[in-house]
Amino acid sequence: MFRLLPTYKGRHLPKSLPSFRTRLELYSITATCAQLSCNGIENENKEIDFEILFNSCTKTQQAKNLHALLIVAGKAHSIFIATRLVNLYAHLGDVSLSRQTFSQIREKDAYTWNSMLSAYVRNGHFHESVKFLDEMLSTSEVRPDFYTFPPVLKACGNVIDGRRIHCWISKLGFEWDVFVAASLVHMYCRFGSFAVAHKIFTDMPFRDMGCWNAVISGFCQHGNAVEALSVLDEMRLEGVKMDSVTVSTILPICAQMDDMLRGMLIHLYAIKHGLEFDVFVSNALINMYAKFGNLGHAQVVFDHMVLRDLVSWNSIISAYEQNGDPITAFQFFGRMQLNGVQPDLLTLVSLASSVGQTGDFHNSRSVHGFVLRKCWIMEDVVIGNAVVDMYSKLGIIDSACNVFEDLQFKDVISWNTMVTGYAQNGLASEAIEVYCMMQKCKDIIPNQGTWVSILPAYAHVGAVQQGMKTHGRVFKVGLHLDVFVGTCLVDLYGKCGRLNDAMSLFYEVPRTSSVPWNAIISCHGIHGHGETSLQLFRYMLDEGVEPDHVTFVSLLSACSHSGLVDQGWWCFHVMQEECGIKPSLKHYGCMVDLLGRAGNLEIAYNFIRSMPLKPDASVWGALLGACRIHGNAELGKLASERLFEVDSENVGYYVLLSNIYANVGKWEGVNEVRSFARGRGLKKTPGWSSIELNNRIEVFYTGNQSHPQHEAIYMELEILTAKIKSLGYIPDYSFVLQDVEEDEKEHILTSHSERLAIAYGIISTPPKSPIRIFKNLRVCGDCHNATKLISKITDREIIVRDSNRFHHFKDGICSCGDYW
DNA sequence: ATAGGGTTAG
């Protein structure tokens, strides 16, 4: 029967020689055909059973081969066979082949048209399906029947199309078919036309489970959970029992409404009524328990499943990924592959997110490569966004940016992800730039996520004016009272030195979660108002808000900025004994900072040695910083040795150590550290300060003379220096870290970036108006002293935020009381 | 050979 092959030609034959694999498949189908044909084609009286061939096709190529075979066998023109082919291609996901086959059929009946219609719907080509229905209605070839309408009702994307189709249904008299009516009800509910839906529903002469479910799921898809539940109650009052469809519709609602009890009761119901082993029900249960953070229950449901499909595997993988256990998520992915289940787009979304959490560089490339090979990045934004997010979480911001730029279609979330990516990698100005580009896209409407990504970027560079403009926009849409947006605003005002504004906003946002509390506690902390932070913490406890690990980081660093050693110990104790939170490295770092800054260097060192965790760079770095403040070169050397064992790449620490040596005049030590750092290819982070004027951020680098007004700035600085000298200012050369002559030292001090920014502020703003400065590094002690006096002679408030905290200078004193 | 209502997402 392989005689069939030479005649296997025509437009369906592939142009090039089929691959070995394809040929194998071709032969196997041909062989089956041959077997059948022995008593089939040769014996004209018997029909070949093509059923088995249709059922054996699992890939488009196989279907094409079968199609070719059918042409050769002269069967393809049978309307029956041709319609089956339309369906086969549709099931395999290739609508264009369905359509091609459809067009080649000369005389089509309602079956054929209906099949093509559902081919579109099944593959998500909703717009085409509605157009196709119009085509069908305007042809005289066939008349639609009640199989025609349900799929297209499911497809229509707006209520206008829905109404149009409803008219046709009424005209043709199919309105009271149960399936058609259920589809109508569902469609109207989806678009929120509950009155119409309800009318059809109550007028129905006969209602089956499908109708009830159509109403309930219609409400759910419209986001109306409360209505959905009330229909459910109504249904139960009428004595109708929930089936597996009802249960799997309602379980996600329980998760959405955070109603664990109801969810568990429905789980019990499912067990009692034997719905437990329905794949949809089990999958919905896994997802629900995952959303409640109850991985144990999710796991039990998964383990008890007899049959698992792709969604089951995706659900358990995402359950672990979303609950912070990416390692287990990956293990399940491995098991899934061992079970021969092929991953889909959603699997890869979870994997990308898992990689983002583990920081696994190697797997990030695998995930990206896999997605590229499958061409999924072109098909769906979601996976593209997930990859962008993955790269930015790994800090590979260039790759993130490349993927982002290559996205064919970008939605709000793509933009938000990119803005957040830059912001969280410390690249606030790039984040702002991307946000500006986004605003130029007319079809992108910012949402809550947009504000949550851009506001921290503004806070980071101190762009309070732009931040306030955003506040206005947020206010217009009522999102300023959203916990997350509200907290970002609190943080913005706090970090931009407007504590009063931060406080009044704080009182407006809902305060039942720890999120806004953490922000306001931290804001008072960096302003040196440690006592206020502690007071807020007490209020928080009084209001019954449960503190989390972030709360204690904010509190401990607040204590540290204000030198509240005893209170810090108290917090450290409360955290463990009363809140049951195990201290993390961050908490230990804060404690070392607190003790060290207060001058208890020995205690800090012993504290580190008694830690149950292996100290990381931030812990040793805190000790090193304390040694710099208190001029302890000996312990500093020890701390730096431990420090470079765990992190030898951070320039900041080399600078600190060399500063310690410079401070005590050990210039050979300075040179040693510098050449060591240079040998590792590390360059000192240049210091800069910025000031926001007229919605623009101006940046000054230390010693920079390229500013258009630099002459005026230096002249102003000379005048200021002369004035403050008359008030008793003596330059403190211990902050000059170069081994140079005295007059050179004075020049170095006066051209520190913060002084340039302050002088610029003084000559560019009206007298007595406050000046707000940002500095990327810590303010040096000499500048601190000088700024105090400048605030006095110019009668201005000068607010300087450095990498560590706020300094509020007024009338010759600083809010930090020289403790910084 | 065709039909309604169901589970996973950045």
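A note on names: the letters A, B, ... follow the listed sequences, proteins ahead of strands, and every chain is numbered from 1.
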Within residues 142-153 of chain A or reaching into it, pairs that qualify as side-chain hydrogen bond (donor to acceptor under 3.5 Å, both in side chains) - sequence neighbours excluded: A:N114-A:D145, A:N114-A:T148, A:D145-A:T148
The criterion is side chain to side chain contact (heavy atoms under 4.5 Å, CB included); which residues satisfy it with A:D258, sequence neighbours excluded?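 Expected list: A:F292.
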Centroid-centroid distance, A:W313 to A:F302, less than 6.0 Å: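 Yes: the rings meet the under 6.0 Å criterion.
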Can you measure [X] atom [atom1] to [N] atom [atom2] for me and round it to whole angstrom units?
X: A:L85; N: B:dT2; atom1: CG; atom2: P; value: 13 Å
X: A:F54; N: B:dT2; atom1: CZ; atom2: P; value: 11 Å
X: A:D145; N: B:dA1; atom1: CG; atom2: C1'; value: 13 Å

A:K374/A:D344 ion pair, N-O < 4.0 Å: no
Base, sugar-phosphate alone, or nothing: which one does A:V381 contact when heavy atoms must sit under 4.0 Å apart?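 Result for A:V381 = base.
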Mark up nucleotides 3-9 of chain B, 5' to 3', with B wherever a protein heavy atom is under 4.0 angstrom from a base atom, S wherever such an atom reaches only the sugar-phosphate, and - elsewhere. BBBBBBB
Exceeds 12 heavy-atom contacts within 6.0 angstrom, atom CD of A:Q357: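 Count over threshold, so yes.
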N/O donor to acceptor pairs below 3.5 angstrom from side-chain atoms of residues 264-272 of chain A, sequence neighbours left out:
residue : atom : partner : partner atom : Å
A:H267  : ND1  : A:Y289  : OH           : 2.8
A:Y269  : OH   : A:M242  : N            : 3.0
A:Y269  : OH   : A:M242  : O            : 3.2

Sub-4.0 Å heavy-atom contacts from residues 409-419 of chain A onto DNA chain B, ordered by number: A:D411, A:I413
Positive for side chain to side chain donor-acceptor pair (under 3.5 Å) with A:Y188, one of A:H198, A:H166, A:K199: A:H166
Going by the salt bridge (Lys or Arg N to Asp or Glu O under 4.0 Å) test, which pairs reach into residues 412-425 of chain A, not counting sequence neighbours? none
